[in-house]
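Please read these numbers as outputs of a predicted model, since none were measured by experiment. In this chain, residues are counted from 1 in sequence order.
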Amino acid sequence: MQTTYKTTSYGGRQSRGMSTPDNEPIRFDTKIAVLLRDDLEPWQRLNVTAFLVSGLGATVPEVVGEPYADADGVPYLPMFRQPVMIFVGGKETLTAAHGRVLVRALPRAVFTSDLFATGNDRDNRAAVRAVPTAALDLVGLAVYGPRNGVDKVFKGARMHP
């Protein structure tokens with residue numbers, strides 16, 4: 001089978017992927033990644049991840065794919081068009097990553113420990129707004145951007161087990 005290479009544009013970005021006559025795998029030049037503090041309970045990890053990625057989907061439209069439908073034509077909501085990589089690290093790793101993402105000015109979402117005590121969006125925003133940047137007690141950070149940029153932001157973090 002002959003293999004060819006195809007450059008495709010996704011959301012204004014170029015991506016080079018390997019294509020074959022039967023299918024066209026897509027290799028993204030961007031990355032969606034979440035960094036979670038390693039001392040969170042399992043339910044907290046899931047909750048923080050869900051909240052963090054919702055911010056990216058709402059404000060970075062190119063990360064969202066087309067709606068789904070099953071063989072009977074039942075429609076389903078669209079989801080991210082690419083995988084979400086989940087990382088863990090200690091408080092120091094999260095603080096350093098936060099500093100690096102601010103310098104790089106990549107799209108980001110934060111989740112602080114204070115948000116576990118709130119129950120709605122208004123109170124969540126107020127809790128973050130009440131704390132200076134350097135004093136945020138971060139438990140999660142989501143980032144979207146060029147693969148190499150996100151990798152540099154998350155330097156020192158490890159893949160979630």
Side-chain angles (χ1 to χ4, degrees), residues 7-18 25-66 68 77-161:
T7 301
T8 310
S9 178
Y10 295 95
R13 297 186 182 343
Q14 293 292 314
S15 180
R16 182 172 183 233
M18 187 174 71
I26 299 170
R27 179 175 160 84
F28 295 99
D29 61 349
T30 58
K31 185 181 262 188
I32 300 170
V34 173
L35 175 57
L36 302 170
R37 205 163 72 193
D38 58 8
D39 61 350
L40 296 179
E41 295 294 325
W43 73 266
Q44 291 174 317
R45 290 178 186 214
L46 295 170
N47 184 265
V48 170
T49 300
F51 270 91
L52 288 172
V53 297
S54 70
L56 292 175
T59 59
V60 186
E62 65 265 22
V63 301
V64 179
E66 297 296 321
Y68 285 70
L77 296 172
M79 296 186 282
F80 290 132
R81 65 184 179 90
Q82 65 190 91
V84 177
M85 308 305 294
I86 310 295
F87 297 86
V88 294
K91 187 172 185 170
E92 301 77 21
T93 301
L94 201 56
T95 299
H98 184 245
R100 289 190 291 265
V101 77
L102 294 177
V103 168
R104 292 183 177 279
L106 295 173
R108 65 215 170 253
V110 296
F111 197 105
T112 67
S113 63
D114 296 331
L115 303 188
F116 290 125
T118 61
N120 60 74
D121 186 52
R122 181 193 67 225
D123 293 343
N124 287 349
R125 286 182 283 113
V128 173
R129 190 179 318 112
V131 181
T133 304
L136 291 171
D137 185 17
L138 298 168
V139 298
L141 174 68
V143 178
Y144 171 74
R147 274 193 326 240
N148 63 345
V150 174
D151 290 344
K152 289 176 182 175
V153 166
F154 283 4
K155 181 181 176 186
R158 61 192 187 282
M159 289 295 296
H160 191 282

Would a 4.5 Å heavy-atom cut-off, applied to side chains only, mark [X] and [Y] as touching?
X    : Y    : result
L102 : T133 : yes
V150 : R104 : no
T118 : N120 : no
R81  : T30  : yes
Q44  : V139 : no
V131 : T112 : no
V143 : K31  : no

From [X] atom [atom1] to [Y] atom [atom2], the distance as rounded to the nearest 0.5 Å:
X    : Y    : atom1 : atom2 : answer
R129 : N124 : CZ    : CG    : 11.0 Å
T49  : L35  : OG1   : CG    : 10.0 Å
Y144 : F80  : OH    : CZ    : 10.0 Å
L52  : L36  : CG    : CG    : 7.0 Å

Practice problem: Show your reasoning for whether side chain to side chain contact (heavy atoms under 4.5 Å, CB included) applies to M79 and L77. | Solution: CA-CA 7 Å; M79 296 186 282; L77 296 172; 5.9 Å; no
Quiz prompt | Flag, side chain of R37 to backbone of L94, donor-acceptor distance under 3.5 Å | solution = no
Quiz item: Is the side chain of R45 donor-acceptor paired with the backbone N or O of D38 at a distance under 3.5 Å, no angle test?
Solution: yes
Kindly give the heavy-atom pair with the smallest separation between [X] and [Y], and that separation in Å.
X    : Y    : value
A142 : V34  : CB-CG2, 4.1 Å
P146 : L106 : CD-CD2, 3.9 Å
Y68  : P78  : CD1-CA, 4.2 Å
V88  : P161 : CG2-CD, 4.4 Å
F87  : A33  : CE1-CB, 3.9 Å
F154 : R100 : C-NH2, 4.3 Å

Self-check item: Worked check of side chain to side chain contact (heavy atoms under 4.5 Å, CB included) between R158 and T93
Solution: CA-CA 10 Å; R158 61 192 187 282; T93 301; over 6 Å; no
Quiz item: Is the number of heavy atoms from other residues, nucleotides or ligands under 6.0 Å of F51 CZ greater than 12?
Solution: no
Quiz item: In chain order, what residues pass the ring-ring contact (aromatic ring centres under 6.0 Å, His included) check against F116, with sequence neighbours excluded?
Solution: W43, F111
Self-check item: Worked verdict on L115 versus V128 for side chain to side chain contact (heavy atoms under 4.5 Å, CB included)
Solution: CA-CA 8 Å; L115 303 188; V128 173; 4.1 Å; yes
